[in-house]
Number of protein chains: 4
Amino acid sequence: MLPLNPNQMKKMMKQMGIEMETIEAEEVIIKTKDADYVFKNPVVNKISAKGIETFQITGSYEVVEKVVINEEDVKLLMEQAGVSEEEARKALEEAKGDLAEALMKLQGE
Amino acid sequence: MLPLNPNQMKKMMKQMGIEMETIEAEEVIIKTKDADYVFKNPVVNKISAKGIETFQITGSYEVVEKVVINEEDVKLLMEQAGVSEEEARKALEEAKGDLAEALMKLQGE
Amino acid sequence: MLPLNPNQMKKMMKQMGIEMETIEAEEVIIKTKDADYVFKNPVVNKISAKGIETFQITGSYEVVEKVVINEEDVKLLMEQAGVSEEEARKALEEAKGDLAEALMKLQGE
Amino acid sequence: MLPLNPNQMKKMMKQMGIEMETIEAEEVIIKTKDADYVFKNPVVNKISAKGIETFQITGSYEVVEKVVINEEDVKLLMEQAGVSEEEARKALEEAKGDLAEALMKLQGE
């Protein structure tokens with residue numbers, strides 16, 4: 001953002017007590033409850049200032065959206081709602097893995 | 001399947017040249033293109049016979065269904081179909097990450 | 001182990017109430033405390049018998065041995081033993097991440 | 001680094017065309033060839049400026065140092081150097097998985 005070249009930037013940072021180190025990363029995965037952010041060969045810089053370390057990640061990434069299906073829930077749903085394994089699994093997928101919601105939907109039909 | 005206790009089984013296996021070793025596994029992940037099977041604290045046995053090693057996994061598991069959304073595809077779709085980021089992302093989700101299918105759907109509407 | 005071809009085997013298994021399904025796995029990871037077993041493109045068969053599912057993994061694999069170094073332990077060790085970061089880290093590596101052992105070794109020298 | 005509270009900071013950033021979003025991350029893994037950095041419940045901020053997205057990670061982390069042992073290398077070493085599996089494995093560990101180095105060491109003894 002500032003009109004400084006990398007070397008000037010590094011020098012200025014050092015004067016401010018900030019150190020920067022590049023991490024040779026092959027992959028970075030940021031995991032959240034519903035999705036993973038997956039970076040292949042990103043640029044990773046570790047910045048240390050006043051005892052605090054910050055890792056900065058840049059590069060292209062994919063978002064892997066996740067729906068967690070518990071296999072015991074599939075069986076429970078088959079019994080409770082009297083449906084096939086395939087129907088139970090589909091209901092759980094649509095309910096994003098929520099058993100109660102899947103059951104209500106199947107029974108409401 | 002046979003009326004043998006574990007010790008008898010082990011003895012019989014040894015006579016047949018089969019060795020079994022338990023692996024103290026904390027987690028097993030079987031990754032496929034569309035889903036991961038995730039086992040927490042499963043029972044894992046390594047069976048060696050005639051130079052072939054087989055790992056046997058048992059225990060409860062979850063299936064994590066995955067849809068991979070490429071961030072560049074989101075941007076491309078926003079430009080090509082003239083939709084918002086949210087709409088682009090939703091179209092890609094419904095198309096299970098398939099750009100061509102998502103674009104056709106958005107243009108067909 | 002028996003002189004049966006895959007089709008005969010499958011037929012026999014079915015008669016015994018055993019079902020087998022191949023899982024198109026890209027990767028399998030068996031995680032233990034000290035090591036991960038990593039299989040690339042293994043053969044994975046899911047075997048169901050009497051409500052019990054067993055997953056059988058075969059194929060070449062790597063063992064990734066792990067030593068977990070806690071960054072707070074590195075700092076603690078630097079303070080307590082009055083050593084450099086590099087020395088602290090090396091001591092923890094040799095102690096396989098065990099802080100007490102690393103400290104004793106550094107102080108015993 | 002500047003005497004601004006988070007709200008002032010956010011306002012200033014917005015005026016500069018910078019947007020910040022917090023990602024509710026459960027875990028972040030930065031993978032390098034020899035080690036993984038593992039963060040549990042880190043603070044993750046996504047910063048967008050001029051079409052460039054940067055993810056900033058802060059929080060305590062562990063470094064998991066890795067040594068990759070190829071199982072085929074273990075067998076090769078047993079044959080070539082005439083040693084036991086345990087000796088072959090230990091030599092590979094000490095050579096950080098490097099087959100040539102492990103073989104030279106075993107033959108040099």
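Please read all numbers here as calculations on a predicted model, not as lab measurements. Throughout, protein chains are lettered first and strands after them, A, B, ... in sequence-line order, and every chain is numbered starting at 1.
Of the inter-residue distances, the one linking C:N45 atom CG with C:T22 atom OG1 reads 4.0 Å to the nearest 0.5 angstrom. The OG atom of D:S48 sits 7.0 Å away from atom CD of D:E21, with the distance rounded to the nearest 0.5 Å.
Heavy-atom proximity under 4.5 angstrom to chain C picks out D:S60, D:Y61, D:E62, D:V63, D:V64, D:E65 from residues 57-65 of chain D. Contact residues of residues 28-39 of chain D toward chain C are absent (heavy-atom distance under 4.5 Å). Residues of residues 76-103 of chain D having a heavy atom under 4.5 Å from any heavy atom of chain C, listed by number: D:R89, D:E93.
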Open item on the list: Could you walk me through whether D:E53 and D:K46 satisfy the salt bridge (Lys or Arg N to Asp or Glu O under 4.0 Å) test, starting with their C-alpha distance in whole Å, then the side-chain angles of each, then the deciding distance to 0.1 Å, before giving a yes or no?
Closed with: CA-CA 7 Å; D:E53 293 177 350; D:K46 176 180 155 186; 3.7 Å; yes
TODO: Kindly indicate, with the supporting measurements, whether the criterion side-chain contact (heavy atoms from CB on, under 4.5 Å) is fulfilled by C:I23 and C:F55.
DONE: CA-CA 9 Å; C:I23 308 279; C:F55 291 75; 4.3 Å; yes
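In this structure, the portion of C:E72 lying under 4.5 Å from any heavy atom of chain D is its side chain and not its backbone.
With chain D as the partner, the residue from C:D73, C:I69, C:N70, C:V74 showing the most heavy-atom pairs under 4.5 Å is C:I69.
Among pairs with a residue in residues 15-34 of chain C, none fulfils ring-ring contact (aromatic ring centres under 6.0 Å, His included), at least two apart in sequence or across chains.
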